[in-house]
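Right, one structure below, let's go through it.
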Amino acid sequence: MNIRLAERMSQVKPSAIRELLMLGADPSIISFGGGYPDASLFPLDRLESVFRTAIAENGSDTLQYTVSSGSPKLREQVAARMTRGGVDCDAENVLILQGAQQGLDLVAKMLVDKGDVIITENPTFLGALIAFNPCEPRYATVRMDEDGMDMDDLERTLARNPGAKLLYTVPDFQNPTGVTLSLERRKRLVELANKFDFVILEDTPYREIRYQGEPLPPIKSFDTQGRVIYLGSFSKILAPSLRLGWAVASEEIIQQLGLLKLAADTQCSTLNMAAVSLFLDTYDIDEHIAALRQTYRRKKDLMLDTIRRAFPQDVAFTEPSGGLFTWLTFPEGFDTTRFMAEHALPEARVAYVPGATFFPLQQEANHARLSYSTQTDEAIVKGITALGRLLTARRSA
Ligand code: PMP
C-alpha cells in the first residue's frame with residue numbers, strides 16, 4: 001500500500017546519531033559517540049529501595065493514573081529546588097515531563113506554525129532539531145565562541161528575522177560544544193527577547209554536572225515578563241530510563257503545555273514520579289551529584305590531556321567546565337564523516353559524532369563531538385591515542 005504520509009513527515013528522517021549509538025554497542029569499537037551518562041554511576045541500590053518503598057507504602061496508588069501535570073509532591077520538590085537555584089517559582093509553574101526531550105516537542109507544538117522562525121545556536125543539539133522539524137519551522141542560526149552565543153550576531157539574525165518566535169539555547173556545557181553562555185550574555189539575551197518579543201527555551205540537562213567555577217544564574221532568573229521556558233532533567237543526575245524532566249514557566253504557559261502533554265501521553269509514570277519524589281526526600285541528591293562531578297571531571301581531564309599529548313597541534317578542542325562533551329575543530333577542508341568511515345572506524349576502531357549533523361543550515365564538515373562519559377579511563381587513553389596516531393600519520397603522509 002502506498003501510505004499517503006502527512007506533509008510534515010518530509011521533515012522526519014532517521015538520524016545519524018541513531019546509527020552511531022548502534023556502533024557503540026559493538027564491543028570491539030571504542031565509541032566516544034553517544035551522549036549516554038556513565039551507567040556505573042546510577043544509584044542502583046537507592047533506586048531499588050525507593051521503588052520498593054513507593055509501592056509498599058502507597059500500594060496501588062503508584063500504579064494508577066494521575067494528573068497530567070505530574071505528581072503534586074514532585075512538582076513542589078522541583079519548584080523548591082529551582083527556587084534554591086535562583087528561579088523563584090511555585091508548583092504551579094512546574095510541569096513534569098517525559099524527559100526534557102518532551103519539553104522540546106511540546107514547546108514547538110505550542111508556538112511554531114509552518115514557516116515560523118526558530119533561532120538556534122550554531123551548532124545546536126540534534127535532538128532539538130528532531131523535535132522541532134515536524135512543525136516545519138525555518139531556522140536562523142547564531143555564531144558561537146567560547147562564551148556561547150555571540151549577541152552581536154544574534155542582533156544581526158534578529159534584524160533579518162524580526163518576527164522570530166522562539167530562540168532555543170543550551171546555555172550550560174552545551175551539547176555538542178561543551179561551551180557555557182557567559183553571565184553578561186544571559187542578561188543581554190533576555191533584553192533582546194523583551195525587545196524583539198520572542199520566547200527563550202532554556203534547555204539545561206547538564207547544568208548540575210559542573211566541574212569548576214560557580215554556577216551562573218539560569219537565563220530564567222532574569223525573566224521579568226514570563227517569556228523564558230526552562231527545561232531540566234533527571235536523566236543525567238539520576239537515570240535516563242526514568243524519563244523524567246520538568247519545565248518551569250509562567251502559569252499560563254504551563255497550562256498550555258499541560259494540555260499538549262495530556263494529548264501526547266496523558267502523564268508521566270506515577271510509579272517513577274513517586275520513586276523520584278521519595279529519593280529526593282530520603283537521600284541527599286546533591287551528594288550523589290557531587291560524586292558524578294568527580295568522575296566526569298576525571299574523565300574529562302584524562303581525555304583532554306590525552307588529546308593534548310596525542311593530537312596534531314592544528315586540531316582545536318573546547319575545554320568544558322562541565323557536562324559530557326568536547327568539540328573538535330579540524331583545519332578547513334578536513335571531513336570528519338569521511339575520516340571516520342575511511343580511517344577512524346576501520347583502522348583505529350574508534351567512533352565519534354561527525355559535527356555536520358549539529359548544524360541546522362550550512363553543515364560544517366570539519367568538526368566532531370567527543371563524549372568522555374561512558375568509556376573507562378583505559379579506553380579513553382587507548383582510543384584517543386589511536387585517533388591521534390592516525391591523524392598524525394595522515395599529516396606526514
Ligand atoms: N537536551 C539536551 C541538550 C540533551 O543533551 C538531552 C539528552 N541528551 C536532552 C535535552 C533530552 O534529555 P532527556 O529527555 O533524557 O531529559
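When a ligand or atom number is given, it counts from 1 through the structure's own listing order.
Checked against the 6.0 Å centroid threshold, Phe358 and Phe125 do not count as a close aromatic pair. Phe311 has its ring centre no less than 6.0 Å from the ring centre of Phe317.
Residue Pro205 places a heavy atom under 4.0 Å from ligand 1.
For Tyr296 and Asp38, the side-chain atoms include no donor-acceptor pair closer than 3.5 Å. A donor atom on one side chain and an acceptor atom on the other are found under 3.5 Å apart for Tyr139 and Asn133.
Two residues are said to be in side-chain contact when any heavy atoms from C-beta on lie closer than 4.5 Å; Val117 and Leu166 fail this criterion. Ile229 is not listed as a side-chain neighbour of Glu202, based on a closest heavy-atom distance of 4.5 Å or more.
Taking atom 15 (O) of ligand 1 as the reference point, the nearest protein heavy-atom neighbour is Ser235 OG, 2.6 Å. Shortest contact from atom 5 (O) of ligand 1 to any protein heavy atom: Tyr206 OH, 2.5 Å. Here the heavy atom of the protein found nearest to atom 3 (C) of ligand 1 is Asp203 OD2, 3.4 Å. In this structure, atom 6 (C) of ligand 1 lies nearest to the protein heavy atom Phe125 CZ, 3.5 Å. Atom 11 (C) of ligand 1 has as its closest protein heavy atom Gln101 N, 3.8 Å.
Between Lys236 and ligand 1, a contact under 3.5 Å exists for at least one N or O pair. Inclusion of Ala100 in the set of residues having an N or O under 3.5 Å from an N or O of ligand 1 is warranted.
At a 4.0 Å heavy-atom cut-off, ligand 1 touches Arg243 through the side chain alone.
Against a heavy-atom cut-off of under 4.0 Å, Gly99 is close to the following atoms of ligand 1: 13 (P), 14 (O), 16 (O). Under a 4.0 Å criterion applied to the non-hydrogen atoms of Ser233, ligand 1 contributes the atoms 13 (P), 16 (O).
For the side-chain hydrogen bond (donor to acceptor under 3.5 Å, both in side chains) test with Ser69, the passing option among Lys261, Glu92, Arg75 is Arg75; the others fail.
Between the side chain of Thr66 and the main chain of Ser71, no donor-acceptor pair closer than 3.5 Å is present.
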